[in-house]
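Whatever order the structure lists them in is the order used to number ligands and atoms, beginning at 1. Counting begins at 1 with the first residue of the sequence.
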Amino acid sequence: MSSHGSHAMSNQPTIEVAAGSGVCFGVRRALELAEQAIAEGRPVYCLGPLIHNPQEVARLAEKGFRIIQSLDEAAAGTLLIRSHGLQPDVVAEARRRGLRILDATCPLVHRAQSLAAELQDAGYQVIVAGDEAHPEVRAIRGYAPAAIVVGSIEAVRRTDLSARVALVAQTTFSPDEFRRIAAALKSRDLKEVRIVNTICAATVQRQEAAAELAGRVDVMFVIGGRNSANTNRLTDICASRGVPTYHVEHAGEVTAEHLAGRRRIGIAAGASTPQWIIDAVCQRIRDLAE
Ligand code: F3S
């Protein structure tokens, strides 16, 4: 746990950053590959934002990194597959169009994709615990097209299941909800239920550390993109500890009102929040406290 402590003589509040805050190894790897590809001087494209952080996306865009919505927008160059992964048919189409592929699929996402494919091939009805609209889940389904996606145990109860089912998860899925879904499947009268937990430990640890910190500070700031699912979840977890919690994307959103009368400041950050934004928020808090 890193802490930016107060000076003994000053009136500065204490600022503590929850362990595991910010960029996980999968996103860090994707950012490094992006930087390397940009350095080669050829256009680099990514289908959808590389990370759910508008400030970092803007920084990369200045260097020539292009977020596209469709392969039609890509001329010759490199297509970077982001950490969420990409459907194999889209990758094949990109190759056919002459794009060089640089694969930054997180190894843990890759594991979920391979498992889904293998389990489907082995005759299981694959169930993915996750958010159907999330790009990671869409990519996993690209590898196991017959898979069904469930977001809650209610969805499991509504679904017709075959005799042999196998459950995997979106890497950032809630461990509690995963356990509930697994239990619901086991309570059905099926011939075989295989449970393969593909939830990312970095996500779980980040959530636990944020919850623990939220329990002993006066205010929490959770830093991350507004549309970052894992950041929104961190915000919910901290708020549920009963502490005032503010979701901010960048330092400029922290105000003096947020800090009034607060002595112990906690910070957590989502998986796609780069260190420079976390540092800027800490600096902003120190400046406002002066
Ligand atoms: Fe990978 Fe976990 Fe990050 S799945 S992209 S290391 S949150």
More than 12 heavy atoms of other groups within 6.0 Å of His258 NE2: yes
Has Cys106 got an N, O or S atom lying less than 2.8 Å from atom 1 (Fe) of ligand 1? yes
So among Asp103, Thr105, Ile101, which one has a side-chain contact (heavy atoms from CB on, under 4.5 Å) with Val91? Ile101
Got Arg241 and Met220 here, is their nearest side-chain heavy-atom distance under 4.5 Å? no
Strictly distance-based, threshold 3.5 Å: is any side-chain N or O of Glu73 a donor or acceptor partner for the main-chain N or O of Ser70? yes
When you measure from atom 3 (Fe) of ligand 1 to every protein heavy atom, which one gives the shortest distance, and what is it? Cys24 SG, 2.2 Å
Element-labelled atoms of ligand 1 that are located less than 4.0 Å from some non-hydrogen atom of Phe25: 6 (S)
With a cut-off of 4.0 Å, which atoms of ligand 1 are near a heavy atom of Thr171? 4 (S)
For atom 2 (Fe) of ligand 1, what is the closest protein heavy atom, and at what distance to 0.1 Å? Cys200 SG, 2.3 Å
Taking the six-membered ring of Tyr45, is the NZ or CZ of Arg66 close enough (under 6.0 Å from the centre) and on axis enough (within 45°)? no
Distance under 4.0 Å to a non-hydrogen atom of Thr203: what atoms of ligand 1 satisfy this? 7 (S)
